[in-house]
Amino acid sequence: MKQSNVDVHRCNQIFNELKMELVKRSEFFDPKSDSAPESIFFGRSIHELGVKLAIYESNKTAFHARMQRLKLYYFDARSSCLESSMMWEMLGLNLLYLLSENRLAEFHREVEKIPNEQLNNVYIKAVIEYEQYLMEGNYHKIYLVSGNVPSPAYKFFMKSLLDTAREAAATCMEASFDRIGADDARRMLSFKSDKQSLSDLQTYIAKRGWRLIDAHYHLKAVHSVDDSTRNNIPVIQLLTNIVGYAREMEQII
Amino acid sequence: MVPKEQKSASEPMEVDNEPSTSAPTEKSIEVSTFEWIKEHTKQIERSYSSKDSRLLTKVIREIHTLRKKLSAPILRSIILSFIHENNRRDTLLTYVPGSPLAGVETTQSVKQPPVGTEIYIQLLIVIFLLDHSLFPAAIQCSKDLTLRVAEMPTRRTTYPLAARAYFCYSRAIESSGIVFDVSIMTFFYTRLQSATIHHDNSSEASLINIILRVHVQNEQYDRAEALLSKITFPERTNNNENSRFCYYKGRIMAVQLDYSASHRLLQDALRKAPQNGAIGFKQTVSKFLIVVQLLLGDIPERSQFRAPHLRAPRPYLHLTQAVRTGDLHAFNDAVTTYHQRFEKESTYTLIIRLRHNVIKTGLQRISLSYSKISFKDIADKLQLDSQWDVELIVAKAIRDKAIDGSIDLQNRCLCSKEDLNVYSTEEPGHAFHTRITFCLDVHNQAVKAMRYPPKAYKQLENSEAAREREAQELEEGLDDAMDDDDIL
């Protein structure tokens with residue numbers, strides 16, 4: 001996103017002034033559905049601009065807070081004026097944000113709110129597909145489609161989504177292999193083969209604690225922990241259960 | 001109860017709610033209904049004086065059978081008989097235009113009937129209006145009733161009637177298609193506050209269900225979740241409200257990906273629903289139950305699709321078959337074919353989440369059948385795009401413990417581990433534990449639900465009175481079990 005010609009500071013100033021205007025008219029907190037369509041329209045446009053501004057600043061908390069306000073306009077005051085052209089893009093952005101933060105319960109609650117005919121809208125459909133890929137474990141696919149977002153604003157969240165996907169992929173790899181060849185590791189973690197990415201790969205692997213032994217990475221073994229617990233009996237859990245049964249039987253008799 | 005049923009205990013214990021009429025002409029049915037309502041008002045008075053709420057709940061239960069027999073003339077005569085001039089008689093009379101019942105005395109007793117009687121009569125009027133689809137009048141009358149009830153929050157004996165009143169009000173609004181906007185919701189929320197403060201369990205339960213229903217219908221799951229996190233549902237209300245609450249909570253949990261809780265709640269909802277009625281409710285709950293079971297990874301049994309109350313479950317059957325075989329193609333087919341039906345039943349959003357379940361089941365079947373299979377073959381079988389995607393998908397499945405195996409990257413294949421004797425793991429312990437806790441739960445709930453008649457043992461009775469009382473209690477018990485009651 002071209003940030004060079006966007007004067008973020010000045011934008012913030014103007015936005016704050018606009019917010020104060022809304023507060024003065026007491027419409028900031030609750031767009032009343034019986035106020036004039038124009039004022040709802042203006043209020044909504046102001047909030048949409050605020051959300052876009054938060055993305056330019058790469059400010060996630062501001063994005064979330066402003067998005068909450070904007071949702072009030074979209075859902076509660078819906079009947080009062082014409083649908084905003086940016087509505088689905090904004091809602092899609094919100095979904096993507098929730099997905100990249102791994103807040104899946106909220107993500108699904110928000111998806112429920114979207115009427116079924118709009119589920120094929122290009123903005124919404126894209127995000128739903130990302131969610132499906134994440135659930136399936138198809139991290140490679142996410143990497144492939146990450147260049148192909150419906151709008152430039154999505155790029156900001158795609159980065160964190162890719163990071164989340166990569167983390168998940170790494171955990172899966174640790175669970176499935178003991179060791180993995182260097183090339184395969186690079187491919188599965190979705191790093192490109194140029195020099196910059198290779199060094200990124202090295203830092204990532206070092207962070208996860210994998211050791212390099214003659215061209216193979218030895219992963220932090222997750223499985224072996226599993227095997228040892230297979231023979232152990234979870235003593236505390238069993239005892240708690242059995243004492244519980246005894247107490248209940250005592251009450252009955 | 002109709003006077004006829006207070007005969008000796010030797011009579012066969014049949015639930016017989018038909019009032020005693022000599023000739024079943026329409027006129028005499030109306031007269032007998034009138035008499036029945038009069039009997040109810042006497043019972044309300046008795047319940048007031050003895051502070052026994054059971055009589056009141058019995059009266060309310062019988063409203064269900066009574067409502068089919070209501071008509072404008074009957075109500076008019078009732079109003080004329082029981083409600084005095086200064087007590088809003090005229091406003092009530094406007095709701096039931098027409099002439100009073102002929103051949104029936106409408107002289108009034110001198111003393112003021114208790115407040116409960118008035119509320120009961122107004123409730124009958126609201127139900128009558130609802131049944132005849134006179135929605136604007138119903139809204140007005142029920143709103144009036146709820147405001148009236150709100151004026152007397154501490155009269156404990158009006159609580160069950162208040163609960164019904166709220167329900168009728170919300171039903172009237174919903175049936176007339178008015179949107180539940182902020183003002184109406186605020187009203188319900190404040191009533192809920194008041195009911196909770198006064199420990200009015202029945203109203204509390206009724207209001208919680210109303211509010212949850214509005215939120216779920218309008219897909220405002222975040223608000224529903226906010227409400228759920230702040231309240232505790234009163235357990236000691238009647239089973240129907242319990243059942244409804246379980247259903248709504250189950251739906252909300254399902255949206256939030258908490259499938260095991262949702263499964264448990266929906267099953268509870270089915271169990272607590274009345275046996276002989278509420279067919280529509282049971283149908284809806286069953287459909288959601290099937291979808292949630294699929295999401296959990298279990299395949300619902302075929303017998304569930306043959307349940308007598310479940311109508312036309314074919315779309316769900318196709319879905320289940322597609323998920324069971326792990327066939328993505330069939331799954332997409334089923335979804336596109338029955339798209340409309342799923343949308344209408346609000347299960348669509350849950351069903352599109354099933355896609356990855358299909359893949360998971362497919363992988364499970366493959367890993368069980370092959371000791372070694374190449375990624376390319378897996379991709380073909382599961383109709384995935386490329387074998388490079390497969391490796392990560394399989395890795396994720398292994399991490400989620402859906403399949404037991406390991407990946408061999410050199411040969412690009414999946415190797416399955418040998419079967420482990422399941423009894424050597426903790427699995428049986430877990431299964432036993434869930435079953436034991438369930439049985440203990442049922443036992444404890446049954447103990448709590450037992451009631452003892454108040455003060456009955458303190459009176460000295462002769463054998464005649466004792467026998468009569470036992471007969472009455474036995475009939476009450478049968479009534480409880482067999483009534484398909486108050487689906488109001």
Side-chain angles (χ1 to χ4, degrees), chain A residues 30 32-33 71 75-76 79 104-117 119 128 131-141 144 165 168-169 171-181 184 187-188 190 222-223 226 229-231 233-234 237-238 241 244-245 248-249 251-252, chain B residues 179 181-182 216 218-222 224-225 252 254-258 339 342-343 346 348-350 352-353 355-357 359-360 384-386 388-401 405-410 414 420 424-426 429-430 432-433 436-437 439-440 443-444 447:
Chain A
D30 177 21
K32 300 191 202 357
S33 37
K71 275 196 303 197
F75 290 114
D76 286 338
S79 47
L104 290 175
E106 282 184 56
F107 174 85
H108 280 107
R109 281 206 287 267
E110 293 296 323
V111 169
E112 288 286 331
K113 280 195 194 158
I114 296 177
N116 282 329
E117 19 344 312
L119 285 177
I128 294 191
E131 196 263 337
Q132 275 182 344
Y133 296 146
L134 256 190
M135 288 299 280
E136 290 167 13
N138 207 342
Y139 306 115
H140 200 56
K141 204 65 175 272
L144 281 178
T171 337
C172 295
M173 284 157 67
E174 285 171 1
S176 340
F177 318 110
D178 291 329
R179 31 170 240 178
I180 179 173
D184 295 323
R187 191 191 59 231
M188 288 173 86
S190 315
V222 173
H223 253 337
D226 247 13
T229 51
R230 244 174 239 216
N231 297 325
I233 305 175
Q237 180 65 30
L238 273 182
N241 286 349
Y245 302 155
E248 296 282 340
M249 295 303 290
Q251 278 178 347
I252 295 176
Chain B
V179 169
D181 64 354
V182 177
V216 167
N218 296 339
E219 284 133 9
Q220 296 162 338
Y221 289 102
D222 44 354
E225 169 64 23
I252 297 170
V255 165
Q256 292 173 180
L257 310 178
D258 192 354
H339 186 96
F342 291 147
E343 275 191 32
S346 327
Y348 184 65
T349 33
L350 290 174
I352 46 184
R353 293 187 210 168
R355 205 185 116 97
H356 98 277
N357 274 66
I359 296 181
K360 191 175 75 157
L384 294 169
D385 288 331
S386 84
W388 306 105
D389 299 338
V390 171
E391 38 180 29
L392 277 172
I393 294 181
V394 170
K396 179 166 196 282
I398 295 180
R399 184 196 72 173
D400 295 338
K401 302 225 179 14
S406 62
I407 301 182
D408 185 352
L409 270 181
Q410 295 303 94
L414 165 71
L420 199 59
S424 67
T425 62
E426 316 153 0
H430 282 308
F432 273 128
H433 181 67
I436 294 176
T437 38
C439 291
L440 288 173
H443 174 266
N444 287 338
V447 168

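Note on naming: letters A, B, ... go to the chains in the order of the sequence lines (proteins, then strands), and numbering restarts at 1 for each one. Any value given below was found using the heavy atoms of this structure, including those in side chains, with hydrogens, waters and symmetry copies removed.
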* To do: Name the region of Ile436(B), side chain, backbone, both or neither, that has any atom closer than 4.5 Å to a heavy atom of chain A.
  => side chain

* To do: With Gln256(B) as reference, evaluate Glu112(A), Arg109(A), Glu106(A) under the side-chain hydrogen bond (donor to acceptor under 3.5 Å, both in side chains) test and give the passing residue.
  => Arg109(A)

* Quick one: does Tyr245(A)'s side chain get under 4.5 Å of His433(B)'s, heavy atoms only? -> yes

* Taking C-beta and beyond as the side chain, do His443(B) and Glu248(A) meet within less than 4.5 Å on heavy atoms? -> no

* To do: Report the distance from atom NZ of Lys113(A) to atom CG of Asp222(B), rounding to the nearest 0.5 Å.
  => 3.5 Å

* To do: Work out which heavy atom in His108(A) is nearest to a heavy atom in Val255(B); give both atom names and the distance.
  => CB-O, 3.1 Å

* Asked: By a 4.5 Å heavy-atom criterion (distance strictly below it), what part of Asn218(B) contacts chain A: side chain, backbone, both, or neither?
  -> neither

